[in-house]
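Since the structure comes first, as structure tokens, the remarks are kept for the end.
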Amino acid sequence: MDIALLGVGQLGEAVLAGLIDSGLPPAQIWATALPAERAAQLAETYGVEVGTDNQSAVAEADVVIVAVPPVAVGPLLAAIGPHLEPDAIVVSLAAGVPLARLAERLPKGITAVRAMTNIAARARRAATALAATEGADLTEIEDLFDRIGVTVTADESMMDIISAVAGSGPAFLYYLADAMTGAAVDGGMEADAARVLVDQMLLGACLHLQDSDEPPAALLERIATPGGTTEAALESLDGSNVDEAIRAAVAAAAERGGELPGG
């Protein structure tokens with residue numbers, strides 16, 4: 001499988017790094033980035049062919065992953081359309097750009113797929129959701145994204161909420177990590193030690209959650225000893241309506257996803 005990865009920014013680089021780390025041969029990947037200096041830096045770092053010409057990059061690609069901002073998706077697809085292989089699959093990572101908009105800019109017969117993934121692709125721990133028109137065979141694309149994490153398929157109507165949870169979700173965790181690290185430092189800990197403890201605590205908790213068949217609420221109840229420190233912390237969170245704040249944040253992200261210009 002030959003892959004073209006177009007518009008390598010932060011998310012695109014995370015996907016690129018994850019694919020390379022998964023063992024995908026660099027010779028099977030062509031990428032583009034701007035400016036030329038960044039393209040050269042990516043080529044040196046990952047050992048793949050990286051240029052600035054999208055049309056050349058897609059000429060022999062079986063799968064084209066579009067990693068540009070939503071507003072740039074339409075013009076990019078219009079530019080590369082005539083240069084695509086007849087049976088190519090085009091995967092857009094852009095939030096808020098519907099399949100119908102993708103299809104409008106692509107030649108007939110080209111399969112369009114929406115993918116929502118996240119920055120954890122770099123560590124091959126991404127949560128990715130795929131959506132395509134009914135009847136599309138996503139086996140090849142699922143196998144590709146399984147290299148960088150866990151992949152599910154979803155109805156397109158769910159992509160805005162998935163973008164909010166799976167795409168923006170890492171930012172919620174980083175927000176929590178920053179706040180907890182800051183609280184530890186405020187309490188007298190050295191910043192480096194606080195960072196090590198918070199990072200490992202979050203990693204361990206996430207792995208435990210993933211391994212458990214119980215819902216998060218059950219795990220919360222188990223560790224909140226009556227009258228203990230964890231119960232005091234949870235009471236403080238409840239008193240500040242943190243649950244409602246998180247739900248509101250997810251809703252805001254989902255709403256913004258539906259408002260993004262689709263290029």
When the side chains of residues 187-196 are checked against the rest of the protein, which donor-acceptor pairs come out under 3.5 Å, sequence neighbours left out?
unit_1, atom_1, unit_2, atom_2, d
R195, NE, D199, OD1, 3.1
R195, NE, D199, OD2, 2.4
R195, NH2, D199, OD2, 3.4

Restricting to pairs with a member in [range], which pass salt bridge (Lys or Arg N to Asp or Glu O under 4.0 Å), not counting sequence neighbours?
range: residues 215-224; answer: E214-R222
range: residues 124-134; answer: D21-R124
range: residues 138-159; answer: R114-E156
range: residues 39-65; answer: none

Counting only pairs under 3.5 Å, give me each side-chain donor-acceptor contact of residues 163-174, with atom names and distances, residues two or more places apart or in other chains.
unit_1, atom_1, unit_2, atom_2, d
S163, OG, M159, O, 2.7

Between atom [atom1] of [X] and atom [atom2] of [Y], what is the distance when rounded to the nearest 0.5 Å?
X: L197; Y: M201; atom1: CG; atom2: CE; value: 9.0 Å
X: M158; Y: M116; atom1: CE; atom2: CE; value: 14.0 Å
X: L237; Y: I246; atom1: CG; atom2: CD1; value: 8.0 Å

May I have the list of side-chain donor-acceptor pairs in residues 67-88 shorter than 3.5 Å, sequence neighbours left out?
none

Is [Y] reachable from [X] through a run of I, L, V, M, F, W or Y residues, each pair having side-chain heavy atoms under 4.5 Å apart?
X: V66; Y: L106; result: yes
X: I29; Y: L11; result: yes
X: L138; Y: L19; result: yes
X: W30; Y: V48; result: no
X: V64; Y: I148; result: no

Open item on the list: Using modelled atom types and a 3.5 Å cut-off, is there a donor and acceptor pairing between side-chain atoms of Q28 and backbone atoms of M1?
Closed with: yes

TODO: Spell out, as yes or no, whether a donor-acceptor pair under 3.5 Å connects the side chain of R247 to the backbone of V242.
DONE: no

Task: Candidate list L203, L202, V198, test side chain to side chain contact (heavy atoms under 4.5 Å, CB included), partner Q200, passing option - done: L203

Just jot down the side chain to side chain donor-acceptor pair (under 3.5 Å) partners of [X], sequence neighbours excluded, or say none.
X: S240; answer: none
X: D160; answer: none
X: D186; answer: none
X: T32; answer: N54

Identify every side-chain donor-acceptor pair in residues 224-235 under 3.5 Å, counting partners at least two apart or on other chains, and give the distances.
unit_1, atom_1, unit_2, atom_2, d
E231, OE1, G227, N, 2.6

Task: Exercise: identify the closest heavy-atom pair between F145 and T128 - done: CD2-CG2, 3.7 Å

